[in-house]
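Okay, so here's the structure we're looking at.
Sequence lines set the chain letters: A, B, ... in the order given, protein chains first and strands last, and positions in each chain run from 1.
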Protein chains: 2
Amino acid sequence: MSSYTPCPPSQTRLLDVAERAGVSVITVSRALRTPAKVAPETRARIEAAVASLGYVPNLVAGALASARTRTVGILVPTVSSSIFATTINGLTDALESEGYSIVLAQSGYEAAREVAALAALLGRRPEGIVMVGSPMTDAARIMLEAAQDRGTMVVETWDLPERPIGSVVGFDNRAVGNAVAARFAAAGHQRLAFVGGDDDRASARFHGFAETAARLGQAPPLRIQLPAPSAMADAVAAYNAAHGPESLSRADAIFAATDVHAFGLLSAALRHGRRVPEDTALVGLGDLEMARFSIPSLTTVRIDGARMGQAAASLILEGVRRPSHDYAPKRIDLGFELIVRESG
Amino acid sequence: MSSYTPCPPSQTRLLDVAERAGVSVITVSRALRTPAKVAPETRARIEAAVASLGYVPNLVAGALASARTRTVGILVPTVSSSIFATTINGLTDALESEGYSIVLAQSGYEAAREVAALAALLGRRPEGIVMVGSPMTDAARIMLEAAQDRGTMVVETWDLPERPIGSVVGFDNRAVGNAVAARFAAAGHQRLAFVGGDDDRASARFHGFAETAARLGQAPPLRIQLPAPSAMADAVAAYNAAHGPESLSRADAIFAATDVHAFGLLSAALRHGRRVPEDTALVGLGDLEMARFSIPSLTTVRIDGARMGQAAASLILEGVRRPSHDYAPKRIDLGFELIVRESG
DNA sequence: TTGAAAGCGCTAACAC
DNA sequence: GTGTTAGCGCTTTCAA
């Protein structure tokens, strides 16, 4: 025999509430989850017991018993870059009212860390998992596919991958690049440049940018790759360091992969005495709040990050209510909008 | 009797791995958690079985059985305001390598939402809970105290509350206000103003600011309260809207509760043709990356958000390893640093 | 409207 | 080094 007390026994349980209220545990459970199924009088006694004991239901036990964790995992490259903040926000707002909790993990744009983070998330048996972008490795992809096969909702965001794992809520990063190049060409710019990381989405933006530039008879854009995870300082350094024919300062129009990079470039260019947009036009992506207020204000590609998070939440909630056999992954293109301001 | 299959039975379990490897479940469990306690040969068979089945341990079941969830909850006012991003970052970085997951919740600076978010977090039985700031209500405080009594590590951050619940990692918001006022006074500024939200920490900054202003014979600073959760646009609006004697545009030195507010004020002031710092000196708080690169660059109070997160993680990990009777809450003052740049 | 029994997938304790 | 047994706190099914 064993007494099994890993911790001091403490912790108020459903049983304690039940005894106090003079009912069985299952009645307490029902009173808490489906109050309508319990007689008002019983319910009142139970509620009093709950209050007097300060009972907080153990959701971990509930999750194990019901095979529903009411948990959603989100894997972002980083939380530092405010660019994903609205997506996290939209997701939490839409899920918390449904009783879901968010488990947050970061990959730091590193493949190994992504796999580890995913394993940690999946072990918590989330009902849904939201990826910013697509997995970087096959290993990660396989884990996600396996999770999906056993009923986890998988949603990729911030992109429209050709070979999605499950559902997708995003926008066409290549089309974004096309649009920015077209605008630069129409404005008569000749020496185009692109500054950003080397993740899939940034690369798609660049390819679209280069593609349209070529189509419109422009010289191939200069591409400056920043080591991920890149920050404003990296963009500034890239601007300052560049010399010779590869110099950013020779560009008359720069597309920055994110607004964060754009602000760095804006600062560096102005400090170098260049006028923006006259000497160098500048376009960012993300429409951070600062874009409206910088001087000059920043022309940027607006992405509705909050709606992306909300849509991901909706897809997960819908999918979870549905038997897996009639679950059809969805593909939602939220589009983007070029917000023309002063910088280009 | 019952067949109990809430979901299609699927899901690889420890038992499946055990059968495949020809051992008992507990041996598999050990091979996964304490490989040294299992014979190399057995371990190899188990590892092969794990790999071939794609087994992902169910951490929820493990958590229930061991009464250790390996989970830490963090409650932030908002993730949108990049001001807390580094804290979240520091916390995740320090915890993920230890196998912990982060459960994220937002209060939106609303008391009711804070209580709800806390209930959701506490139900997950986190081993630690990190608060940005202190609870807004007694209800929330009581919940945290109860959680602490049953062994949860509670850490308040971004402040040094007089009546802490458990451990604290923060800085003295009032002293920050003192320091900024002293600097303004030394620079000969006469008409001081403070712009920020009305949460406890912002208020403490204001009180310190006003206190030192008074001590140095200054007129009482103007205080502009922004409705929480406030953003850059609110600061801009406050600047633009103010008329008459309450006008921010009459101030010759403004202390903004956060860098986000400061950038809004900077933008608005410059757009109004005022020179910063000549006409209006400006100091922020947070030392966001942008502070180095804005034009003019922003004088600000640097807070080491990442270290705050890391320190909170350390306190939790230490506390969790220790029997609760010799747990003594700690109070860590990480201090702050006035970073003098161009704006003031 | 309420309850009894069984069991979710795992780990702690104690044997051997 | 490995296995047996019991049980974590809850929800499910089925019966009354």
Side-chain angles (χ1 to χ4, degrees), chain A residues 1-19 21-46 50 53 55-70 99 122-125 150-151, chain B residues 1-19 21-46 50 53 55-70 99 122-125 150-151:
Chain A
M1 111 187 34
S2 68
S3 59
Y4 200 83
T5 47
C7 280
S10 53
Q11 288 284 60
T12 309
R13 304 174 331 279
L14 216 39
L15 178 63
D16 302 311
V17 179
E19 284 172 355
V23 294
S24 70
V25 286
I26 186 60
T27 304
V28 180
S29 176
R30 277 196 275 255
L32 261 21
R33 293 178 303 140
T34 50
K37 291 187 175 177
V38 172
E41 198 179 65
T42 315
R43 200 164 66 218
R45 281 210 318 282
I46 291 173
V50 165
L53 291 169
Y55 174 66
V56 178
N58 185 329
L59 267 22
V60 176
L64 180 61
S66 64
R68 310 257 282 102
T69 55
R70 295 193 166 273
L122 260 15
R124 307 278 169 196
R125 297 294 188 267
R150 51 172 211 250
Chain B
M1 109 190 34
S2 69
S3 60
Y4 198 81
T5 47
C7 280
S10 53
Q11 288 284 59
T12 309
R13 302 173 332 281
L14 216 38
L15 178 62
D16 302 311
V17 178
E19 283 172 355
V23 294
S24 71
V25 287
I26 189 65
T27 303
V28 180
S29 176
R30 277 196 276 254
L32 261 20
R33 294 178 304 139
T34 51
K37 291 186 174 178
V38 173
E41 199 177 64
T42 317
R43 200 164 66 219
R45 283 210 316 281
I46 291 173
V50 165
L53 292 169
Y55 173 66
V56 178
N58 185 330
L59 267 22
V60 176
L64 180 61
S66 65
R68 309 259 280 101
T69 55
R70 295 192 166 272
L122 260 14
R124 307 279 167 194
R125 296 295 189 267
R150 51 172 212 250

Given atom [atom1] of [X] and atom [atom2] of [N], what is their separation to the nearest angstrom?
X	N	atom1	atom2	answer
B:L14	C:dT11	CG	C1'	9 Å
A:L59	D:dT11	CG	P	8 Å
B:I26	C:dT11	CD1	P	7 Å
B:L64	D:dG7	CG	C1'	9 Å
A:R68	C:dG9	CZ	P	16 Å
B:R13	C:dT11	CZ	C1'	16 Å
A:R124	C:dC8	CZ	C1'	17 Å
A:D16	D:dC10	CG	P	9 Å

field: Check: A:V28 and A:R13 side chains under 4.5 Å, non-hydrogen atoms
entry: no
- request: Could you check B:G62 against B:R30 and say which one's nearest nucleotide on DNA chain C is further toward the 5' end?
  value: B:G62
query: Among C:dC8, D:dT2, D:dT12, which is the nearest nucleotide to the side chain of A:A65?
result: C:dC8
message: By nearest atom, which of the nucleotides D:dC10, C:dG9, C:dG3 is closest to the B:N58 side chain?
response: C:dG9
message: According to salt bridge (charged side-chain N to carboxylate O under 4.0 Å, His left out), does anything in residues 56-68 of chain B pair up with another residue at least two apart or in another chain? List the pairs.
response: B:R68-B:E127
field: A:L59 and B:L122: CA distance, side-chain angles, deciding distance, side-chain contact (heavy atoms from CB on, under 4.5 Å) verdict
entry: CA-CA 9 Å; A:L59 267 22; B:L122 260 14; over 6 Å; no
Reckon [X] has a side-chain N or O less than 4.0 Å from the OP1 or OP2 of [N]?
X	N	answer
B:T27	D:dG3	yes
A:Y55	D:dC10	yes
B:S24	D:dG3	yes
B:S29	C:dT11	yes

- line: Correct closest heavy-atom pair for A:R70 and B:R124 would be O-NH2, 2.7 Å
message: Which heavy atom of B:V38 sits nearest to which heavy atom of B:T42, and what is that distance?
response: CG1-CB, 3.8 Å
task: Give one of base, sugar-phosphate or nothing for B:V23, where a contact means two heavy atoms less than 4.0 Å apart.
output: sugar-phosphate
task: For B:R33, answer base if it contacts any base atom (sugar-phosphate contacts may also be present), sugar-phosphate if it contacts only those atoms, and nothing otherwise; contact means non-hydrogen atoms under 4.0 Å.
output: sugar-phosphate
query: Residues from residues 36-46 of chain A sitting under 4.0 Å of DNA chain D, heavy atoms only?
result: none
- line: Residues passing the side chain to side chain donor-acceptor pair (under 3.5 Å) test with B:T69, sequence neighbours excluded, are none
- request: Show your reasoning for whether side-chain contact (heavy atoms from CB on, under 4.5 Å) applies to B:R125 and A:V56.
  value: CA-CA 9 Å; B:R125 296 295 189 267; A:V56 178; 3.7 Å; yes
